[in-house]
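Here's the structure, in structure tokens; my notes come after.
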Amino acid sequence: MLKNYIITNIGQLMGILPKETLLLKGEEMGHINALHNAFMEVEDGQIKSFGLMEVCPETDAQIINIHGDWLMPGFVDSHTHMVFASSRHNEYVMRLQGKTYEDIADEGGGILNSAKKLQDLDEDVLYKNALKHAEEAMSEGTLALEIKSGYGLTVDAELKMLRVIKRLKNNLPIVIKSTFLGAHAFPAEYKANHQGYIDLIINEMLPVIAKEELADYIDVFCDKGFFNVEETNQVLVAAAAIGLRAKIHGNELGLTGGVQTAVDNNALSVDHLEHLSDVEINYLLNSETMPVILPGSSFFLKIPYAPGRKMIDAGLPVCVASDFNPGSSPHHNLWFTWSLACLYNGLMPAEAFNALTINGAYALGLSESHGSIAIGKKACFIQTRSFESINEIPYWFAQSHAKKVWY
Ligand code: NIG
Ligand code: FE
């Protein structure tokens, strides 16, 4: 990709924010700053300047005229499970026949099914599968990404997943953050011995992860039938000791204390939140934890949608992510997620845009380099056709509007 260039005749340059803005919350989320008929100058892969066309500088850099197309910051997908062995379409059919996600998990399907398939799979095959997904997501406009482990559930298989994520980090031109989710489910052999599996995570997995620098964050599925609050705390405390900040799966299946546990551990984010009462909303208001909502999994599992409207009206920030995974959200197209967030979580189009960009960046600790147009930030943009208004973008649901991606 080009390192130095000027993009000219940008019909609308969207998502301009002061560099020090790390996130947007409450009413702030409803605004998008934009310039009409603008230029953007990039040097060494970073935004050097931008402004109206009439003040476009004359330089030797290559000029790329986009003839009125729009330009926006790349999406930041702060929650994915992009490394997995294969699809779970058989469980999809079981759900069509009337079983619930929890029924299937109780029968040894679900996450344990993905783990069984992944444990036997060669690392190179796993890498190639994930690379294909990542490249597809990039072509749709996802230009920073989080990937979790959690389909290994043995020492070897969890480390294999994390090594695959590390290879993706090294070989792809976008920023990828790695999250260790060994505490995604209890393997069948530890069903009656939860402490045994927690000890395995703490004593066998975390030390290797620290030594090989295999993770940026720690995640636990703190929910009904998975890890309870006390079990979650044990894992988070041990992970904090090796410098891993938490991003928690919480409140997907019930009001189970996931939000409080996340906030008490100063988690960077707490994700899902399909079940959320005023108590959790107030808890989040006094915290630095980003609430992340995942409309793709509500859509696919036919479970309630997180109350995004209520959260923003209460003054909270909200982030939206894909939750791309083979069990509850087999899609990574954030344009579709944008439409779902508007139609079913109650966000306005501008709010969902901010949720997918600057707030996504916050949920990955990337606000200083990603998520908005600001001098010094990484030059990663999505070029789209022009629209009558930003409101038109999520209206055209289930299609990618990325005409070209810049990174
Ligand atoms: O975010 N809820 C927990 N984990 C994943 C789904 C995992 C699976 O079903 O494979 C999620 O939805
Ligand atoms: Fe998830």
Side-chain angles (χ1 to χ4, degrees), residues 77-95 99-119 129-130 133 145-153 157-158 161 165 177-187 217-228 232 235 246-254 256 258-259 262 267-275 290-306 319-332 334 337 340 360 363-364:
D77 196 347
S78 69
H79 182 139
T80 86
H81 308 249
M82 194 168 272
V83 174
F84 55 87
S86 60
S87 91
R88 301 215 307 260
H89 58 85
N90 55 328
E91 293 179 8
Y92 168 66
V93 173
M94 286 162 79
R95 286 195 299 106
K99 292 214 161 144
T100 66
Y101 182 71
E102 284 158 288
D103 292 337
I104 294 167
D106 286 344
E107 289 167 17
I111 295 165
L112 297 186
N113 184 6
S114 277
K116 202 161 18 140
K117 294 178 188 193
L118 188 140
Q119 284 161 6
N129 291 350
H133 295 307
L145 177 66
E146 184 247 26
I147 308 178
K148 300 174 191 296
S149 71
Y151 289 133
L153 308 184
E158 281 297 313
M161 284 190 82
I165 301 171
K177 294 283 185 181
S178 169
T179 300
F180 171 52
L181 177 56
H184 198 186
F186 288 99
Y217 297 110
I218 176 83
D219 191 349
V220 177
F221 189 9
C222 177
D223 222 319
K224 204 168 71 191
F226 291 84
F227 287 72
N228 67 27
T232 303
V235 175
K247 290 171 64 64
I248 297 295
H249 275 78
N251 291 46
E252 176 183 2
L253 307 173
T256 51
V259 167
L268 184 56
S269 74
V270 59
D271 306 27
H272 270 290
L273 313 178
E274 288 84 353
H275 297 266
M290 173 65 73
V292 180
I293 62 176
L294 306 167
S297 44
S298 297
F299 173 79
F300 192 70
L301 295 183
K302 301 206 272 185
I303 59 173
Y305 284 81
C319 167
V320 175
S322 74
D323 196 18
F324 176 47
N325 77 75
S328 69
S329 188
H331 92 113
H332 45 59
L334 291 172
T337 314
L340 288 180
L364 279 191

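In this text, all values refer to a predicted model and were calculated from it rather than measured experimentally. First listed ligand is number 1; within each ligand, the first listed atom is number 1.
Classification of the His184-Tyr151 ring pair by plane angle, with boundaries at 30° and 60°, yields tilted.
Between the CD1 atom in Ile218 and the OG atom in Ser178 there is a gap of 10.5 Å [rounded to 0.5 Å]. We find the OG1-CD1 distance between Thr80 and Ile165 to be 8.0 Å, quoted to the nearest 0.5 Å.
The Fe ion (ligand 2) has no N, O or S atom of Asp271 inside 2.8 Å of it.
Panel note: side chain Lys117, backbone Ser87; a donor-acceptor pair is recorded below 3.5 Å.
Geometry note: the Fe ion (ligand 2) is the vertex, His81 NE2 and His79 NE2 are the arms, and the angle is 100° (rounded to 10 degrees).
Taking atom 10 (O) of ligand 1 as the reference point, the nearest protein heavy-atom neighbour is Tyr151 OH, 2.6 Å. The protein heavy atom nearest to atom 12 (O) of ligand 1 is Ser328 OG, 2.5 Å. Nearest to atom 11 (C) of ligand 1 among the protein's heavy atoms is Asp323 OD2, 3.2 Å. In terms of protein heavy-atom proximity, atom 2 (N) of ligand 1 is nearest to Glu252 OE1, 2.6 Å. His184 NE2, 2.8 Å is the protein heavy atom nearest to atom 4 (N) of ligand 1.
Looking only at N/O/S atoms, His249 comes nearest to the Fe ion (ligand 2) through NE2. The Fe ion (ligand 2) sits nearest to atom OD1 when only the N, O or S atoms of Asp323 are considered.
Close N/O approach between Ser114 and ligand 1 is not found [any backbone or side-chain N/O within under 3.5 Å].
For the residue pair Phe186 and Phe226, the shortest heavy atom distance occurs at CE1-O, 3.5 Å.
When the heavy atoms of Phe221, Phe226, Phe84, Tyr101 are ranked by distance to atom 6 (C) of ligand 1, first place goes to Tyr101.
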*Could you go step by step and tell me if His133 and Phe84 meet the ring-ring contact (aromatic ring centres under 6.0 Å, His included) rule?*
CA-CA 10 Å; His133 295 307; Phe84 55 87; 5.0 Å; yes
*Starting from the C-alpha separation in whole Å, work towards a yes-or-no answer on side chain to side chain contact (heavy atoms under 4.5 Å, CB included) for Met161 and Leu181.*
CA-CA 10 Å; Met161 284 190 82; Leu181 177 56; over 6 Å; no
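In the vicinity of His79, heavy-atom distances shorter than 4.0 Å reach the ligand 1 atoms 1 (O).
In the model, His272 has no side-chain atom that pairs as donor or acceptor with a side-chain atom of His79 under 3.5 Å.
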